[in-house]
Amino acid sequence: MSGLCTMEEEWRVASGLEQRVIETVKRCQERQESPVKWALELGKCTSSPAELGQLLVTHLCFNNNHPSLWKFLDYALHSHLLSPLHILSLLTQRLIPIRLSHPHAFRLYLQLLHRHSLSLAHLHQSSTKILQSVDVTLQLSHTYKVTVVDFGHALVLFFFTVVDCLIDALFDDMGLPPTAADHHHMDIDSIGNINVQYNQQIRTNNSLVAIELLAKLTQDRKAVVLLRLVHFNMPDKFNGLLQKLHFLGANKLASSKLKSSNQLLDRLCANMKKVVGYDYKLNNRRLIGMLINNKSLRPVSCCNSDSGWSACWVSFDIYIEHAMDGRQLPVTSAVVILAQTITTLQVLNQASWQETFLALWISALRLVQRERDPSEGPIPHLEARLCVLLCIVPLAIANVLDEDTQMNVSSVQGDMPSGYTETGYVHGMDEKSLAPRKQGLISSLQVLGNFTGLLFPPASVAGVANNAAAKASRFISTSKNAKDCSGSVSPSDTPLNSGGNLRHLIVEACIARNLIDTSVYFWPGFVSASVVALADLSPAQKSPWTAFMEGASLDGFLINSLFCTPASSLAEVERLYHIALNGSAEEQSAAAKILCGASLSRGWNIQEHVVHFVVKLLSPPIPPGYTGPRSHLIDHMSMLSAILFGASFVDHVHMLSLHGVFLLLQVPEVAAALMPLCETFGSLIPTSSNKSSTIDEPSVYMVFSAAFLFLLRLWKFYRPPIEQCINGETMVGELTLEYLLLLRNSRIASHGSPAPDEKNSNSDQLEFSSDRPIYIDYFPKLRAWYCLNKSCIASTLSGLCSGNPVHQVANQILSMIYWKMTKSEASSGNSSTPPTNSASESTATTGEDVYPRPMLPAWEVLEAIPFVLEAILTACAYGRLSSRDLTTGLRDLVDFLPASLAAIISYFAAEVTRGIWKPVPMNGTDWPSPSPILPSVESEMKAILAGAGVNVPFSSYGTSTVMLPLPIAALVSLTITFKLNKNLEYIHAVVGPALENCASGCPWPSISIIGSLWAQKVRRWHDFIVVSSTRSVFRQNKEAVAQLLRSCFTSFLGSHVSTTLLTNRSSINSLLGSVIAARPIAPGILYLRSCRTIHNVQYVRDVIVGLLAEYARESAGRWSSSESPRLKSNQASLSLAACKAREVAALGASLLCVTGGLQQVQKMYGETVPTWLLRSREGKVGEVSGAARIMEGYAMAYMLVFSGSLVWSVGSEPPSWATRRGCIVGNHLEFLGRVLEGNISLGCDPATWKAYVSCLVGLIVSCAPAWIKEVKPETLRKLANGLRGWHECELALSLLERGGIASIASVVDLLNVIN
């Protein structure tokens, strides 16, 4: 071509191989040889396709732009003499920059691109030299920041680069500015004046041809797969390409050059958007394919009534009801877990955000309504349930909405988080869809008004609900007056309503956290028109907090008013906090008391802040310049006493634990705050031998006891004794104080701030109580007692010599106790009736002569108590001390130092397990007798079990003498002497669970004796005591556990008869009951209150798996035949059957998670399900149809994914407590891969096996794709090969393409095989 070097010039500079190739090309051109002849001749010149391709493109294509050469290239690429990938890469790099001056060559390049860019045949026959040349030519490694290690990577990146470069070329050709930083800047040649008119038409047509080519290429299935690999693994690059297309589409009308290509551009944009939402077409003609494609089997939401809500949301109900168990203080905040559960269930149920949030509100409302007419007892009640509805749920939703905001911001910036690439960012979306979660929340609150039966407020909060409705009415009235009564709401517009309900409280809680705004007040029907009309006539009553904020002094009346009225703003709570720190002693005590009053229990709109300040007050800061010899904590003793006793109420401790990690006030944080208090006040010598009689008059012993028993509750009730925790691969025993500190310190060391999954925008102003690690060695007195306590539990006490200081302290305490016994015997004879003085009403306050109490630090007293207990228990066993005197001595010891109760419980519990003490008769003479009500208590226990479907042999004493081991008899006799005063809840909260744990070391009927004794003492606790006693049956009786689990499944799913199973609506109310106090007790409630004390959790897993398989088979029995696994009835029948299978799987997964948590889910993946697959079930289940076997595998896969999602989440980043997610899932998939390779033999039916594997992979791909990236590429290849052998190529491809960059080569290999 003119202006370029001639062939003769090339010959002068060429030598060797180049000269031979050039000569051969010239000779073939002169002879007008066919492309076949060209190939034969050039093949003789070199055996290296890489060198030949490089020479042809570099020296010939543009210098000798002859049609015959391009025909040869086409033939060479088609016959694979040359590598299409190599040649097209070279041409792309050379031709696109000079496309304007060489329009003919560019047109021919586009034709080659159309024919060969997606050629996969013989891809791997090319040499490494070709791979390196492609990488260097297109700068793939540099551009995409990945190492191109194989031809799969090279092909994917090459194709994406070509598409991106052509789009950039369109921008340049159309005169549009570049839109992205990664725009391919090219040294475009000048058109010049040569053949301008001749080439102008070709250049114009080339742009259209390029757009048409891109539209055709991106429509190809292979191209879709290649582009999806970029979409999944390099979302920023892919989103950048979408941005360019969006910009092109927006400017197609403005650019005259683009008008003729509008349809082509629309096709191209539509194709690229389909890449994001592409669904592989599975084999829907067979049952497994239809089950994998579960979008077609999406459950229909049953939202016509509050009782018929779809059972697929049962996990919400089970979790929040289980969280009401006051004996468990959870490791993780309920806010964090609930937020994770929201996103998980939304994905698993394929639901809209409106349906998801509505289901959550309904579950929380059911939680509150179950507390109607509750049984009295030391357990969380209505306040804790309202805390969940009005504080925990809104905070969890705030977490979810905050995540949505972050996703949208990153999407607009073109930087999509990898965990959400499944939904991707589609440019050009409606503004209305930018915040789908918030819109879902608003719509759910609107629809919630239809559930009137659940919205009826409990009597104790009816006034608060009416106030919330009145507030909305006043707002509407004010708005109408401001607009001269022309507002959007008028009496004629708004239908009459019945007044305040729980929805009004929910809306106020959401407004307080900026989840919604006050425009909701104008919703039709939200407030009554009559209330709006009367709003002007009934102004709001002035709150005592207004007077407080105006500077009123804290006198008695104002203190009581503030204590009974919850604060309404953060500013009020902050002012109260500063007074509690800096006011006078009286003001500090009053402020602390107010803070632990209604603001903590019913200040739902700001409760998280109140909890924060309450715990913050446990660690008052050191005043500036403080240099005193004693601890600054002593100066705050009155405030600390008020805080400790106010926060120790059962409901308050439970609410604190529910907030947990969200406020950085997890149980370990509270423990770290209490330890300095214990160390300081336990080391002080009391100033008076007479103990204070009231909490309002704090003493050193009282403050120490409150802090110490609070600390004891945190670690003993952190998890039950049988609960195990995992530290890496090592199993460790009961959670200890050291472990609490380890949890706290590890978070501080690793982050210095809460983990990402434990933060929320509402907690930005909150801070740690301390940013330094804390170790038990910092507290020598506490550490000494802690080690002594562990040694006493592990072994019997060793003798003490008389000169030992501990021996001397023990003698002083014994002298005090025996003096009291002598005084008691002088006033009354021996009787089995225990004394009635309470722990807070010592005889020291009655004016009697008293024995001088030892003036000793509390730690010294606690150190000596085990030896005191051994002495008096031994004396009682040998008849030297009466039972009444023993009880009197123990009670006086607790009166003297309430913290001694901890040592008493530890010692007696240890002695019970040793079994060295003889039983004593509970006959009413020596010890209290339960006989008057024991038969009725046992009868009620049997009735409760029978009502829950449990029928097991029930041991009863009958007419025989009732016996208890001496330590248990002594402990229960002591505990029934305590009065049931609310101020003593800090003692009862320790005593109750301790009695249960002690009784578990004896034959289980002993709990009925203890329960009867307590029921005699506290008649109003009768129902609570009987139910608590009934739970003991499930500790070690496996058959009772199995029957209770079956009752849970039966009550939830309905009839077990296959002909009616499909038509029965699953009922959460049948599982958990509508009212907890109702009889019979719902089996779900009984199980949730017992599950964490079951000893053999492995047995629970096996029972759940068995029940799941059984009910899944039943769900298929309605519509299948026994001869064929193919679908025999219509799509509706299959949808119902699959829905039932999913519901039973959801129930099984939820029960498993609350029973054993993360550890048991891991065991399910690693042991239970593999064993289930390996075990033969021939002859055990009778004749089963093929469809039933398939449904069994589907249900098992669904339960496994469901349970894993609940504890690990489906997001790209696992929670901080689930770092082994990838390892567990990977090991299970590796097991499946080894079976598919034939290395392991199965015992289950082949249809069950195939359904399980296919459905498991399909569910992970569709619901938890982030898990796949954490699995080894080799494992994914094994699974893909097995699926391909079952002709499930689409599923295999979908699995591999989500495996990350390391699996790209496997995707291309499979794509090559499929084609």
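Predicted model only: the values in this text are computed from it and were never measured.
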Participant: Just verifying a value: how many Å separate L345 CG and E355 CD, rounded to the nearest 0.5 Å?
Facilitator: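 Reported value, rounded in 0.5 Å steps: 12.5 Å.
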
Participant: Per the side chain to side chain contact (heavy atoms under 4.5 Å, CB included) rule, which among V393, L365, I511 passes with I506?
Facilitator: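 One option only clears the test, and that one is L365.
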
Participant: Side-chain contact, heavy-atom cut-off 4.5 Å: I392 with H659?
Facilitator: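 I392 reaches H659 side chain to side chain.
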
Participant: Rounded to the nearest 0.5 Å, what separation is found between the CD1 atom of I944 and the CZ atom of R1031?
Facilitator: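 Result: 10.5 Å between the selected atoms.
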
Participant: Evaluate the ring planes of H1228 and Y1252, with Trp represented by its six-membered ring, and classify them as parallel (under 30°), tilted (30 to 60°) or perpendicular (over 60°).
Facilitator: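 Perpendicular, since the angle between the ring planes exceeds 60°.
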
Participant: Kindly say whether L1107 contributes a backbone atom to a donor-acceptor pair with the side chain of R1046 at under 3.5 angstrom?
Facilitator: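 Pair absent, no side-chain N/O of R1046 close to backbone of L1107.
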
Participant: Measuring from L1045:CG to T1155:OG1, what's the distance to the nearest 0.5 Å?
Facilitator: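 One gets 7.0 Å once the value is rounded to the nearest 0.5 Å.
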
Participant: Between C1091 and H322, is there a side-chain heavy-atom distance shorter than 4.5 Å?
Facilitator: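 Result yes, sub-4.5 Å side-chain heavy-atom pair found.
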
Participant: State, yes or no, whether a side-chain contact exists between T343 and T356 at a heavy-atom distance under 4.5 Å.
Facilitator: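 The answer is no; the side chains never approach within 4.5 Å.
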
Participant: Measuring from atom CZ of R602 to atom CG of L386, what distance do you get when rounded to the nearest 0.5 angstrom?
Facilitator: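 With rounding to 0.5 Å, CZ (R602) is 10.0 Å from CG (L386).
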
Participant: Taking S1254 for its side chain and A1251 for its backbone only, find out whether a donor-acceptor pair lies under 3.5 Å.
Facilitator: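 Absent.
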
Participant: How about D317 and L367: do any of their side-chain heavy atoms sit closer than 4.5 Å?
Facilitator: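 Counting from C-beta outward, D317 and L367 never come under 4.5 Å.
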
Participant: Hey, what do you get for CD (E371) to CE (M324), rounding to the nearest 0.5 Å?
Facilitator: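 These two atoms lie 9.5 Å from each other.
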
Participant: Can you label the angle between the Y1198 ring and the Y1194 ring as parallel, tilted or perpendicular, going by 30° and 60°?
Facilitator: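 Tilted: the ring planes of Y1198 and Y1194 meet at 30° to 60°.
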
Participant: As an exercise, state the distance from CZ of R1298 to CD1 of I1260, rounded to the nearest 0.5 Å.
Facilitator: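 Going from CZ on R1298 over to CD1 on I1260, the span is 11.5 Å.
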
